[in-house]
Each structure stands twice: as C-alpha cells, then as structure tokens.
Amino acid sequence: MEFLTQMLGADVARMVVGLIAIIALVSVNALFLIWMERKVAAHMQLRPGPMEVGWHGAVQTVADAVKLMGKELITPTDVDRPVYHLAPIVIFLPVLLSFLVIPFSQTLIIRDMNVGVLLILAFASLTVLAILMAGWASNNKYSVLGAIRSVAQTVAYEIPLLITLMSPILMVGSFSLADIVAAQERYWFVLTQPLAFILYIVCATAETNRAPFDLPEAESELVAGFHTEYSGMKFGLFFLAEYTNMFIVSALATIFFLGGWRGPFLPGIFWFLIKVYAIIFLLMWFRWTFPRVRFDQLITFAWKILIPLAFANLLITALIMKLR
Amino acid sequence: MNLLSWLISPPGVATVAFILVVVVTILGALIAVSARNIFHNVLGLVLALIGVAGLFLFLNSPFVAMMQILIYVGAVCIAICFAIMLSEPMYLPKPPRSSFKTLGAVIGAGTVFAFLVLLTKKTTWTPAPERSTDWSVTTMGHYLLTEYVLIFEVISLLLLVAMLGAIVIARGGRGAS
C-alpha cells in the first residue's frame with residue numbers, strides 16, 4: 001500500500017516524462033542499432049553496406065521503418081488468434097518496463113528501486129514466454145521449432161546469468177542498480193570479477209538470441225524461427241524488442257562491471273552510452289566472428305561449463321568476502 | 001467531480017490498482033481451469049501468477065513480487081510448457097470434459113474456499129510483530145538464516161523430495177519403456 005501510494009502519488013509527473021523518454025529512446029536506439037549492425041556487418045565483410053539514403057545510409061532504417069508500417073498485416077488462417085495477436089505486445093512491454101530502474105547517470109534514473117536488478121531479470125524472463133506464444137500460435141513447424149529451441153536455451157542460460165550476477169551483488173549487498181554503480185567508486189568490478197564479466201557476456205549473448213547462440217531464429221535452418229508468420233509492424237515489434245533487449249543486457253553489463261556512468265571529463269550519460277554501445281559493438285563483432293553452435297553443444301556448454309563456473313565464482317566471492 | 005478527485009488521489013489510485021490486480025488474478029485462474037486448449041491454460045496460469053505478484057506489490061513487498069514473477073512465471077510456467085511439449089499432440093480431437101470430475105473439482109475447491117473464509121473470519125488479526133521498513137537483502141538473509149531457519153530448511157526438504165521424485169520417474173530411462 002505505502003509502496004504504491006509513494007510510487008503514484010509523489011511523482012506521477014516524473015513517471016509520465018520518464019515513460020515518454022523511454023519510448024523515444026527505444027525507437028531511436030532500435031533505428032540506430034539496425035543501421036549500426038548493417039554497417040558493422042558490412043565492414044567486417046569488406047563491403048560498404050547501406051550508402052544511399054542519407055550520410056553513409058544513416059537514414060536507411062527510417063525508410064525501412066516507414067515501409068514496414070505501411071505493410072499489410074497478414075494473419076494466416078489457422079493461427080491461434082488471441083495468442084497470435086498478443087505475442088508481439090507481450091514481448092515488447094517487459095523490455096519497456098526494464099528501463100524504469102536503469103541509472104543513465106547520477107540523477108537520470110526514473111525510479112531507483114531496491115529490487116532493481118530483480119525487476120529487470122524478472123521481466124527479461126517474460127521474453128521467452130512471448131517467444132513461446134508466438135511460435136506456438138503461428139501453427140507453423142519452423143515457428144514451433146524456433147520456440148522450443150528458445151525455451152530450452154533460455155532455461156539453460158538464465159541460471160548461470162542469475163548466479164553470475166549474484167557475485168557483484170554479494171560484494172555490494174544491494175539489488176539497487178544505483179547502489180551497484182555507487183560501489184564502484186574506486187575501481188570497476190570487471191577488475192575484481194573478470195570471470196563473472198566473461199560469463200555474463202556469454203549468457204547475455206544467448207539471452208538475446210544472437211549468434212553464435214541464435215538457434216531460435218537460425219535463418220539458414222528455420223526460415224526466421226518463431227516470427228516466421230508475422231508481417232508488417234507485428235514483425236517490427238519483435239525486431240524492436242530484440243534490439244531493445246540488446247541495449248538492456250549491455251546496460252546491465254555496464255552497470256555491473258564497467259562502473260555505470262562513471263568516467264572523467266564528460267557528463268555521466270555520455271559515459272554510460274559510450275560503454276553500452278561499446279558492449280553492443282562487441283556483441284555484433286561476435287556475430288561475424290563465431291560460427292553458430294550446434295544445439296546439443298549449446299545446452300551442454302550451459303549446464304556443464306557455465307553453471308559450475310558461475311557457482312565456483314559465487315563461492316569464491318563469498319569466501320573472500322568472509323575472510324576479509 | 002468528487003469521485004474524480006478521489007480517483008486521482010493516492011488512496012483512490014491504490015483501490016483501483018487493487019481491484020485491477022484482483023480481477024487479473026481471478027480472470028487468469030478462470031482461464032487456467034476452464035480453457036480447452038492446454039496452452040491457453042498455461043497462459044491463464046501466467047496471468048493469475050502475475051496478478052498474485054501484483055498483490056505482493058500491494059502488500060508492500062516488491063522483493064517477493066519480483067521473485068514471484070522470476071520464479072513462478074519465468075521458471076515454473078516455462079517448465080510446464082516443457083511438459084506440454086511432451087504431452088499428446090494438440091491437433092487430435094479433445095475428449096469431452098467429464099462432468100463427474102468437474103463436479104468433484106468444484107466441491108473440492110469450494111470446500112477449501114469456505115474453510116479459508118471461515119478461518120479469515122474467525123482469526124483475530126494482529127499486526128506482525130516485526131514490521132520493519134528495512135527490507136534490504138542483508139536483513140532478509142539474516143531473517144532466513146536465524147528466525148525463520150526452520151521454514152527455510154523445510155522448503156529445501158520439499159525441493160529434495162521433488163528432485164528424488166523426478167529421479168525415480170526418470171530412472172527407467174528411454175530404453176526401459
């Protein structure tokens with residue numbers, strides 16, 4: 001009761017402004033990231049990529065987005081209608097909500113909650129549900145295969161992800177993202193938790209369904225995986241959610257391991273965005289460097305290597321904390 | 001005008017939120033038991049569990065609410081989806097609902113409901129002795145390992161039993177069946 005009253009009564013204006021800012025950020029971020037992905041991919045393959053629309057193709061994604069919005073929404077005949085229509089919304093809402101607790105700079109945070117990390121992780125776990133809904137409702141074997149792969153993958157990778165993040169949380173003693181950034185005043189946690197950082201990046205790549213862990217949407221095997229049957233802006237929402245998810249996992253990596261908004265000379269928000277986009281660049285780099293893993297390799301890797309390593313890291317962290 | 005000003009005041013917003021959460025929970029529960037498509041049942045369960053998380057939020061414990069979503073929606077429901085994939089194909093015609101079983105379920109659930117209502121009415125409610133505002137992870141960890149250690153241990157026993165059950169069921173392996 002007190003929690004809700006506090007949340008809604010005191011700063012409704014803050015929430016409204018924050019939500020509008022989030023929606024703007026999500027759209028601009030997705031437009032930028034799609035352009036960035038095409039450019040990074042192109043340059044890694046020694047070709048220029050999009051060049052026609054705007055400076056070095058900078059407005060190409062805007063043109064694509066307009067085209068996407070103008071397209072007809074085709075609903076196949078045999079889909080499970082309510083679920084089919086709900087899935088794009090269910091995948092998009094949680095990623096939007098996750099922005100509530102991300103500290104972009106010392107003061108630029110919509111709501112600092114003492115369960116911030118848990119909120120992001122809880123809503124991230126809804127993504128897999130939306131993927132399952134989309135795959136199942138499409139009534140298409142490629143979609144179902146993509147969805148099933150996604151579920152198995154997420155179940156396998158969410159566990160080491162959670163355990164890995166527990167080590168820095170143990171060092172700080174708080175689930176609040178602002179507290180975690182505040183605790184990195186003297187040094188970044190990547191220095192004291194290098195293993196956790198590597199594990200997190202691996203799990204985050206799997207969590208966002210990107211190569212080398214892009215089995216749910218492996219286009220050479222499954223057409224487009226779970227979103228094969230979606231067209232127009234419904235497909236657009238899946239796309240938007242995917243790129244927003246990339247931003248969120250990179251933001252978490254920045255907050256947990258790279259000192260968040262901390263940095264010299266520039267204001268906090270610039271440092272935050274620089275670090276986030278550097279990690280996103282790393283994820284894109286992975287995509288054009290590593291071949292896709294086989295499914296059994298993916299699952300074995302998670303259960304037999306990542307989870308024991310994450311547990312060992314947590315135990316050692318706890319031991320050091322206790323002995324010090 | 002009076003109603004409108006009440007609606008945007010904190011208690012009004014809280015009441016509307018409470019009603020919304022309760023409606024979501026009950027709606028989800030109804031879908032979970034009444035839908036004929038087993039996948040819709042799971043989605044109904046998800047809705048009900050998110051509603052329960054809302055109730056926890058309403059009871060001023062966001063930590064439990066987030067854990068509810070993380071564990072029940074993110075893990076348990078996904079595990080149920082796994083089970084569905086192992087169950088019968090969905091294109092087969094569904095067997096008609098047995099009215100005998102429905103009646104039994106209604107009686108069983110009704111009895112539990114009546115019992116809970118009676119229990120709630122009879123109990124004289126006293127505020128919890130340790131109403132603290134400090135719900136940091138450290139405090140909660142201390143509570144779990146000192147005052148409430150018995151509950152903690154009993155829950156781990158429950159998990160152990162569940163794991164043993166899973167091993168017993170799966171022991172035959174693929175070849176045996």
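Order of the sequence lines sets the chain letters (A, B, ...), proteins ahead of strands, with each chain counted from 1. Side-chain atoms are counted along with the backbone in the values below, which use heavy atoms only and exclude waters and symmetry mates.
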Taking a cut-off of under 4.5 angstrom between non-hydrogen atoms, the residues of residues 94-103 of chain A near chain B are none
In terms of heavy-atom pairs under 4.5 Å with chain B, the winner among A:Leu126, A:Ile148, A:Val128 is A:Ile148
Shortest non-hydrogen pair, A:Ala122 vs B:Met66, comes out as CB-O, 3.7 Å
Of the listed A:Leu119, A:Leu162, A:Thr127, A:Val90, the one with the largest count of heavy-atom pairs under 4.5 Å with chain B is A:Leu119
Show me the side-chain donor-acceptor pairs of residues 39-59 of chain B shorter than 3.5 Å, one per line, residues at least two apart or across chains.
from	atom 1	to	atom 2	distance (Å)
B:His40	NE2	A:Asp80	OD1	3.0
B:His40	NE2	A:Asp80	OD2	2.7
B:Asn41	ND2	B:Ile31	O	3.4
B:Asn41	ND2	B:Ala32	O	3.0
B:Asn41	ND2	B:Ala35	O	3.0

If one checks every heavy atom of A:Ile159 against chain B at 4.5 Å, the contacting part turns out to be neither
* **Over 12 foreign heavy atoms within 6.0 Å of OH, B:Tyr72** => no
Bottom line for A:Leu121: the part with an atom under 4.5 Å from chain B's heavy atoms is both
Heavy-atom closest pair (A:Ser125 atom, B:Ile69 atom, distance to 0.1 Å) is OG-O, 4.2 Å
